[in-house]
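These notes are about the structure you will find just below.
Order of listing sets the numbers, starting from 1, for every ligand and every atom in it. Scope of the values below: all heavy atoms of this structure, side chains included, with no hydrogens, waters or symmetry mates. Note that this is a predicted model, so its numbers are computed, not measured. Counting begins at 1 with the first residue of the sequence.
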Amino acid sequence: MRVAVLALQGAFAEHRRALAEIGVDSFEVRNAADWRQPKDALILPGGESTVQLKLLHDLDLYESVRQDVAAGLPTLGTCAGLILLAREVEHESAARLGTMDIVVKRNAYGRQLGSFHTEADFQGLGRVPMTFIRAPYIERVGPGAEALATVGGHIVAARQGAQIVTAFHPELDSDRRIYHLLLDCCRGETE
Ligand code: GLN
């Protein structure tokens with residue numbers, strides 16, 4: 001099992017550390033040659049989605065990543081990664097990877113005071129710790145996607161086929177079950 005971690009900007013090192021903890025090999029994707037390496041799954045880390053999107057285009061990664069995710073490569077998008085996968089982001093028109101049928105609100109909890117930690121039910125997992133940093137939330141999921149967790153009445157995790165997104169940062173807590181969900185997708189064990 002080998003997981004590609006998009007490493008253009010943001011919290012990619014923390015995801016790699018989390019994968020190493022559970023004995024999963026990973027590598028960093030910074031250019032098209034990296035992307036051509038064999039991989040079983042992809043992680044799109046948190047960070048700044050506008051910067052990441054620009055770099056995806058500038059480094060000629062956008063179209064190949066989009067195609068592979070759309071074709072079913074198991075993918076975990078966290079925070080900014082969730083924003084990149086969304087079909088629509090409120091009040092913004094820039095095209096993203098757009099492979100997931102969700103409508104997202106960016107910086108939904110306010111820009112400065114938007115960081116907090118909580119614990120909430122996650123479908124199939126029970127209580128999961130959740131750390132939010134200037135996080136988005138999912139305004140609504142389309143018929144193709146399914147909500148997996150809500151906090152304060154807002155959807156904070158969803159899934160569509162082998163794509164899983166969280167508005168929170170699983171790499172910052174010690175609970176690794178979200179990563180195991182991604183690995184289950186690689187083994188074809190989608191619920
Ligand atoms: N606010 C960031 C964005 O809109 C996301 C924050 C994060 O990834 N922690 O891209």
Q. What's the verdict on ring pair (Phe, Tyr, Trp, His ring centres under 6.0 Å) for H117 and F168, showing C-alpha distance, side-chain angles and the deciding distance?
A. CA-CA 9 Å; H117 184 269; F168 56 91; 9.6 Å; no

(Q) Tell me which residues fall inside the under-4.0 Å heavy-atom shell around ligand 1. (A) G46, G47, E48, S49, C79, A80, I83, R106, N107, I133, R134, H169

Q. Could you walk me through whether Q123 and R159 pass the side-chain hydrogen bond (donor to acceptor under 3.5 Å, both in side chains) check?
A. CA-CA 10 Å; Q123 197 184 94; R159 137 178 243 161; over 6 Å; no

**Q.** Residues K54 and E48 bridged, charged N to O under 4.0 Å
**A.** no

**Q.** Flag side-chain contact, heavy atom, 4.5 Å: F132 against V156
**A.** yes

Q) Would R140 and E90 pass as an ion pair if we require N to O under 4.0 Å? A) no

Q) Is any side-chain N of the basic residue among E14 and R17 closer than 4.0 Å to the acidic one's carboxylate O? A) no

